[in-house]
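In what follows, a structure is listed as structure tokens, so that the remarks can point back to it.
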Amino acid sequence: MLRLGSIVLGVSDLPRAAAFWEAALGYVPREEPQDGWVVLVPPEGVGGVQIALGVSESPVQERPRVHLDLYADDAAEQAAEVERLLALGAQDVDWDLYPEDPDFVVLADTEGNRFCIIDISHS
């Protein structure tokens, strides 16, 4: 049976993107970056989902078909994580598709890749 190994994000500035995702998730490089590529893993090892960053010339999609959902336990944690990620260099995204009472906040990383912070306690 297949299993999810890595989520790959295209980036234009590999060191900047790696620094953001390392700080955002507490991940560490699996090995030294090389040839425009680095794989970030949880600090306890390769047991969790990896984030791979590869230099890409493709433009960022404003409404990507695939994105990351990062979970927060409640609204307070969600708000704190949004503020922390913004301080790390994430950007607010003016998302025009929010429902009336959203459980998520859309942000973009330092490369413009969209991701969501989800309040999993929201009903």
Side-chain angles (χ1 to χ4, degrees):
M1 178 59 81
L2 294 174
R3 59 186 167 80
L4 182 60
S6 295
I7 298 168
V8 180
L9 299 176
V11 302
S12 59
D13 185 330
L14 186 63
R16 178 178 66 186
F20 174 80
W21 286 109
E22 287 172 30
L25 299 175
Y27 276 30
V28 297
R30 187 176 65 192
E31 62 263 334
E32 287 297 315
Q34 53 186 315
D35 299 325
W37 182 260
V38 67
V39 178
L40 304 176
V41 297
E44 60 275 0
V46 186
V49 175
Q50 304 174 120
I51 301 290
L53 306 172
V55 174
S56 173
E57 295 180 14
S58 299
V60 174
Q61 295 176 322
E62 285 193 38
R63 289 194 170 89
R65 294 179 68 169
V66 177
H67 66 274
L68 301 178
D69 280 352
L70 306 177
Y71 290 174
D73 288 332
D74 55 38
E77 182 181 21
Q78 179 189 45
E81 285 298 322
V82 166
E83 289 306 311
R84 183 179 74 84
L85 293 166
L86 291 171
L88 290 173
Q91 303 161 9
D92 268 316
V93 173
D94 185 19
W95 195 251
D96 61 349
L97 300 175
Y98 278 118
E100 187 172 314
D101 185 25
D103 63 349
F104 64 96
V105 175
V106 180
L107 299 177
D109 70 6
T110 58
E111 302 298 302
N113 295 306
R114 302 321 196 238
F115 64 97
C116 295
I117 308 300
I118 311 292
D119 169 6
I120 62 171
S121 73
H122 190 274
S123 308

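Owing to the predicted nature of the structure, the values given are computational and were not obtained by experimental measurement. Computation of the quantities below employed the complete heavy-atom set of this structure, encompassing side-chain atoms and omitting hydrogens, waters and symmetry-equivalent molecules.
- Among all heavy-atom pairs drawn from W95 and Y98, the shortest one is O-CD1, 3.1 Å.
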Report all side-chain donor-acceptor pairs from residues 56-68 shorter than 3.5 Å, counting only partners two or more places apart or in another chain.
unit_1	atom_1	unit_2	atom_2	d
S56	OG	S58	N	3.1
S56	OG	S58	OG	3.4
R63	NH2	D96	OD1	2.2
R63	NH2	D96	OD2	2.7
H67	NE2	D69	OD1	3.0

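- Screening residues 99-108 for salt bridge (charged side-chain N to carboxylate O under 4.0 Å, His left out), with sequence neighbours left out, gives no hits.
- Across V38 and A18, no two heavy atoms sit closer than the pair CG1-CB, 4.3 Å.
- L40 has its side chain out of reach of L25: every pair of non-hydrogen atoms, C-beta onward, lies at least 4.5 Å apart.
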Enumerate, atom names and distances included, each donor-acceptor pair closer than 3.5 Å involving a side-chain atom of residues 7-15, sequence neighbours excluded.
unit_1	atom_1	unit_2	atom_2	d
S12	OG	E111	OE1	2.8
D13	OD1	R16	N	3.1

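- Residues satisfying the salt bridge (Lys or Arg N to Asp or Glu O under 4.0 Å) test with E81, not counting sequence neighbours, are R84.
- Within the 4.5 Å cutoff, no side-chain heavy atoms of H122 are placed close to those of P102.
- Considering CG of D73 and OG of S121, their distance stands at 8.0 Å, rounded to 0.5 Å.
- Listed by first and then second residue, the ring pair (Phe, Tyr, Trp, His ring centres under 6.0 Å) pairs involving residues 1-29 are W21-F115 (not counting sequence neighbours).
- The CD1 atom of I117 sits 9.5 Å away from the CD atom of E77 when rounded to the nearest 0.5 Å.
- Residues V28 and P42 approach most closely at CG2-O, 4.3 Å, considering heavy atoms.
- For the pair D92/L107, a side-chain contact is recorded, criterion being any heavy-atom separation below 4.5 Å from C-beta on.
- Closest non-hydrogen pair, W37 versus G54, comes out as CE3-CA, 3.5 Å.
- Atom CG of L70 is separated from atom CD1 of I120 by 12.0 Å, given to the nearest 0.5 angstrom.
- By the neighbour-count criterion of 12 heavy atoms within 6.0 Å, atom OH of Y71 is sparsely surrounded, having that number or fewer from other residues, nucleotides or ligands.
- At least one side-chain heavy atom of Q78 sits less than 4.5 Å from a side-chain heavy atom of V105.
- Judged purely by atom type and a 3.5 angstrom limit, R3 has no side-chain atom pairing as donor or acceptor with the backbone of M1.
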